[in-house]
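Read through the structure below, which is laid out as structure tokens, and then see the notes.
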Amino acid sequence: MFDALADRLENAWKKVRGQDKISESNVKDALREVRRALLEADANLQVVKDFVAEVEQKALGAEVISGVRPDQQFIEIIHNELVSVMGDANVPLAHAESAPTIVLMAGLQGTGKTTATAKLALHLRKEERSVLMVATDVYRPAAIDQLIALGKQVDIPVFDLGKDADPVEIARQGVERARAEGFDTVIIDTAGRLQIDESMMGELKRIKDTIQPHEVLLVVDAMTGQEAANLTRTFHEQIGVTGAILTKMDGDTRGGAALSVRRISGQPIKFIGVGEKVDALQPFYPDRMASRILG
Ligand code: GDP
């Protein structure tokens with residue numbers, strides 16, 4: 001495990017052999033390599049700086065365990081810290097005491113929001129939860145049709161009022177329908193823009209205030225690297241998210257966006273998207289992600 005980082009750390013740690021404490025200069029060299037590894041994994045610069053500063057405190061003066069190579073011991077410290085920062089364990093989706101559980105999807109256009117809506121619906125149905133999806137993206141041509149097509153593919157119903165209706169009204173009626181028909185969960189797909197803009201945020205906020213969701217899931221494209229941090233900050237400040245779905249983890253990113261999203265929002269990543277197909281959704285596990293980030 002962690003061969004790439006382990007190789008890099010080897011030189012930094014040669015000096016430590018024969019010492020019984022990890023010294024400041026050993027830690028400094030090693031942390032430089034950790035910083036580089038995290039940046040290469042696409043984590044945000046400020047997030048990496050903060051993380052490294054915290055780990056420095058933990059690593060300094062740590063007793064060298066006899067029989068354990070200090071470089072391995074150090075990697076263990078880094079790994080454990082990453083796992084802890086990302087929340088230790090998987091956090092499942094909320095399940096409201098009285099149905100329906102209301103899930104609001106948020107994010108920029110092209111991140112995989114509509115696909116994630118269908119993926120999540122299918123995932124929940126496998127857990128015997130009945131799901132209604134609601135199409136409120138009246139702006140992007142064919143967004144409603146896309147959700148309806150996905151719904152047909154997985155045999156999960158979609159509520160919509162066409163392209164001329166008000167998105168807030170669609171969301172409100174969608175939740176009403178779910179309640180009236182006894183659905184366990186209702187997932188509201190929303191409009192995204194290519195960039196964050198005020199009218200998108202305003203509309204999202206009105207939808208949120210109207211339907212009072214149990215979950216607001218931010219959909220983040222893992223391939224966007226550094227940008228994931230700014231995106232998370234804006235959405236969390238303006239809307240308030242309860243969790244995230246990190247999509248396109250089947251790409252070649254090492255997943256540093258996971259660290260950024262968690263650190264900045266303080267909210268758990270709940271799922272990762274690992275492909276275009278509707279069953280390509282997996283629960284997020286901090287331990288696995290830490291291994292991937294460290295390479
Ligand atoms: P939206 O605009 O946010 O609703 O994005 P879409 O759901 O339409 O997805 C945009 C594109 O990303 C589509 O081509 C999807 O097939 C693709 N996509 C979504 N999720 C994933 C994923 O986890 N992995 C890969 N490789 N592609 C994805």
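All ligand and atom numbering here is 1-based and tracks the order in the structure.
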message = Treating Ser291 as the side-chain partner and Asp287 as the backbone partner, does any N or O pair qualify as donor plus acceptor under 3.5 Å?
response = yes
message = Tell me which residues fall inside the under-4.0 Å heavy-atom shell around ligand 1.
response = Leu108, Gln109, Gly110, Thr111, Gly112, Lys113, Thr114, Thr115, Lys119, Arg140, Gln146, Lys248, Asp250, Gly273, Val274, Gly275, Glu276
Can you give the donor-acceptor pairs under 3.5 Å from side chains of residues 268-278 to other protein atoms, not counting sequence neighbours?
{"residue": "Lys270", "atom": "NZ", "partner": "Pro92", "partner atom": "O", "Å": "3.2"}
{"residue": "Lys270", "atom": "NZ", "partner": "Glu215", "partner atom": "OE1", "Å": "3.4"}
{"residue": "Lys270", "atom": "NZ", "partner": "Glu215", "partner atom": "OE2", "Å": "2.6"}

ask   = Is a side-chain donor or acceptor of Ser260 paired with a backbone partner of Ala43 at a separation under 3.5 angstrom?
value = no
side-chain contact (heavy atoms from CB on, under 4.5 Å) partners for Ala178, two or more places apart = Pro100, Leu132, Phe183, Val186
ask   = Cut-off 3.5 Å, side chains only: do Ser199 and Arg193 have a donor facing an acceptor?
value = yes
ask   = Which residues satisfy the salt bridge (Lys or Arg N to Asp or Glu O under 4.0 Å) test with Arg206, sequence neighbours excluded?
value = none
